[in-house]
Protein chains: 2
Amino acid sequence: MKAAPRKTADLSAQIAHAIRDAIVSGELIVDARLPSEAELSDQFKVSRPTVREALKRLAAQSLIRTQRGASGGAFVNRLSFEDAYSQQVTTSTLLLSMNAVSFDTACEARYALERACASLSAQRRTADQLATMRAEIFRQSQPGLTDEAFCASDVTFHRALVDGAENPVLSYQLAGAVEAMQPLMNMITFTARSREEIIALHTRITDALEARDAETVDTALVDLEHYTRQLAHDVAEQKRKPA
Amino acid sequence: MKAAPRKTADLSAQIAHAIRDAIVSGELIVDARLPSEAELSDQFKVSRPTVREALKRLAAQSLIRTQRGASGGAFVNRLSFEDAYSQQVTTSTLLLSMNAVSFDTACEARYALERACASLSAQRRTADQLATMRAEIFRQSQPGLTDEAFCASDVTFHRALVDGAENPVLSYQLAGAVEAMQPLMNMITFTARSREEIIALHTRITDALEARDAETVDTALVDLEHYTRQLAHDVAEQKRKPA
DNA sequence: GACTTTTAAATGTCAGACAAATGAAAATTT
DNA sequence: AAATTTTCATTTGTCTGACATTTAAAAGTC
């Protein structure tokens with residue numbers, strides 16, 4: 001953890017980078033306590049506010065956690081899947097909203113990833129996950145449901161599908177993508193007719209999953225992707241000439 | 001962008017959250033200039049160092065950039081695919097190293113995602129990408145290559161395969177996963193025999209891609225996954241009894 | 001008009017101080 | 001002696017005020 005000055009960046013950025021490298025390289029292991037802010041100030045020959053800014057940068061990435069009081073300090077954080085997942089959601093959401101990624105592109109990516117999980121889910125799905133999916137299908141069929149609630153249920157349904165793969169790395173990657181797309185999905189108004197269609201596809205997916213029929217799950221997901229993109233396309237058309 | 005106090009967290013965390021919400025909600029658009037640190041201090045009724053800590057948190061996530069001098073300040077950053085990608089690499093790397101994700105799990109996730117891209121790549125691959133892949137295959141066949149260089153070339157090869165899908169969302173997601181696995185891959189010693197096998201599979205993939213034969217690409221990737229996992233398994237065996 | 005100088009505004013950094021939390025040791029009580 | 005309370009040192013959180021540095025625009029000069 002030595003002060004390796006890179007380019008001419010802020011001191012706080014340099015220090016954050018140095019500490020981050022120490023963590024990534026394993027020099028600082030999980031739950032290890034960093035030197036106190038005063039000690040870091042001495043080591044890096046900077047003031048305490050500068051050290052603090054560096055530590056806040058790391059805290060923002062969930063790399064460290066801090067605790068006040070005696071025997072307190074900054075500790076290397078074990079990055080949980082949840083932390084990683086929420087960071088991914090934020091990043092993906094911003095990427096989608098700020099870079100004007102088209103709905104088609106996002107949709108294609110999402111279903112491509114989801115289909116990658118599907119074959120694994122077909123092998124490994126538990127009764128629990130099937131129950132979750134069927135419960136969400138039931139919820140989706142309730143007449144009084146708002147569009148937002150319908151979409152939220154949709155997310156839960158697909159998360160269950162993804163979690164069925166029993167691979168936390170896949171779950172974390174994909175769940176981020178699915179959730180990040182929710183705002184875009186919310187912009188689509190679901191008519192009673194389109195909900196019916198989606199529920200039918202969800203049922204087809206769940207049935208196939210129960211039968212461990214990977215191929216049918218795959219084709220159903222392809223159909224769902226096409227249908228979703230068609231819906232988005234129709235909404236865009238309608239907006240252009242709202243006669 | 002009002003001061004909405006959440007729980008009993010640090011002030012800097014609260015402020016960072018408030019500003020982040022303003023960005024995500026679109027209240028602050030790309031390239032918009034935030035109020036100066038002094039003005040933010042007044043608005044949130046905190047001191048400048050506290051505001052600065054909040055801003056550093058946001059800077060760590062590439063949500064803002066700062067510029068010194070007159071007409072300088074903090075600006076909402078357009079999150080580039082590159083920024084998102086490097087964040088994803090960091091997060092994925094830490095997740096893999098700190099959570100003791102098994103090689104099998106990581107490998108399975110990686111190839112599942114990669115196969116998701118493959119069918120799209122088969123449709124859209126350009127001559128350029130094919131050329132890159134063949135160049136890397138050639139590099140991999142050079143006898144003097146170190147294991148690290150072999151792995152690096154492997155990453156480049158697979159990135160080209162993923163980029164062939166012409167879907168930046170997929171590229172950003174998957175490239176992170178592939179790169180994060182490199183340290184794990186580096187731990188595998190590639191004998192001349194195993195390199196030969198891998199090169200043969202890479203060639204099979206590239207040929208199939210050139211012929212736009214999605215199915216063969218898929219099966220070749222399945223074979224490559226199995227072979228990679230077998231190699232890792234053998235290495236683990238060898239370590240247990242290095243007779 | 002083109003160039004140079006000045007200036008004001010903003011971030012970057014520093015120093016010192018106090019507040020608040022917290023665990024451990026010391027003192028007190030039972 | 002055991003249990004409880006008090007004290008205390010350590011560490012982060014926050015504030016105040018100041019100065020350094022950068023930078024673009026305004027003012028001045030040729």
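Computation of the quantities below employed the complete heavy-atom set of this structure, encompassing side-chain atoms and omitting hydrogens, waters and symmetry-equivalent molecules. Here is how names work: the chains are called A, B, and so on, in the same order as the sequence lines, proteins then strands, and each is numbered from 1.
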Using a 4.0 Å heavy-atom cut-off, does A:Arg65 contact any base of the nucleic acid, only the sugar-phosphate backbone, or nothing at all?
nothing
Roughly, in whole Å, what's the span from [atom1] in [X] to [atom2] in [N]?
X	N	atom1	atom2	value
A:Leu55	D:dT14	CG	P	13 Å
A:Asp42	C:dC14	CG	P	12 Å
A:Lys45	C:dT13	NZ	P	17 Å
A:Leu34	D:dT11	CG	P	13 Å
B:Arg33	D:dT23	CZ	C1'	13 Å
A:Leu58	D:dT12	CG	C1'	16 Å
B:Glu53	C:dT11	CD	P	16 Å
B:Gln14	D:dG13	CD	C1'	12 Å

Sequence-distant partners of [X], side chain to side chain donor-acceptor pair (under 3.5 Å), two or more places apart:
X	result
B:Ser80	B:Asp83
B:Gln129	B:Thr126
A:Glu179	A:Tyr85
B:Arg68	none

Under 4.0 Å between a side-chain N or O of [X] and OP1 or OP2 of [N]?
X	N	answer
A:Thr50	C:dC14	yes
B:Lys56	C:dG12	yes
B:Arg52	C:dG12	yes
B:Ser36	C:dA9	no

Please tell me which of the listed nucleotides, D:dG13, C:dG12, C:dT13, lies nearest to the side chain of A:Leu11?
C:dT13
Does any N or O in the side chain of A:Thr91 come within less than 3.5 Å of the main-chain N or O of B:Ala84, such that one atom is a donor and the other an acceptor?
no
By salt bridge (Lys or Arg N to Asp or Glu O under 4.0 Å), which residues pair with A:Arg33, not counting sequence neighbours?
none
Which residues pass the salt bridge (Lys or Arg N to Asp or Glu O under 4.0 Å) test with A:Asp128, sequence neighbours left out?
none
Quick test of your reading: applying salt bridge (charged side-chain N to carboxylate O under 4.0 Å, His left out), list the pairs with at least one residue in residues 54-65 of chain A, sequence neighbours left out, ordered by first then second residue.
A:Asp31-A:Arg65, A:Lys56-B:Asp10
Is there side-chain contact between A:Leu79 and A:Gln87, with at least one heavy-atom pair below 4.5 Å?
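The answer is yes, as the side chains (C-beta and beyond) meet within the 4.5 Å cut-off.
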What N/O pairs connect the protein and nucleotides 22-25 of chain C at under 3.5 Å? Give each pair on its own line.
from: C:dT22; atom 1: O2; to: A:Ala70; atom 2: N; distance (Å): 2.9

Considering only nitrogen or oxygen atoms on both sides, find all protein atoms under 3.5 Å from nucleotides 16-18 of chain C and state each distance.
from: C:dA17; atom 1: N6; to: A:Arg48; atom 2: NH2; distance (Å): 3.3

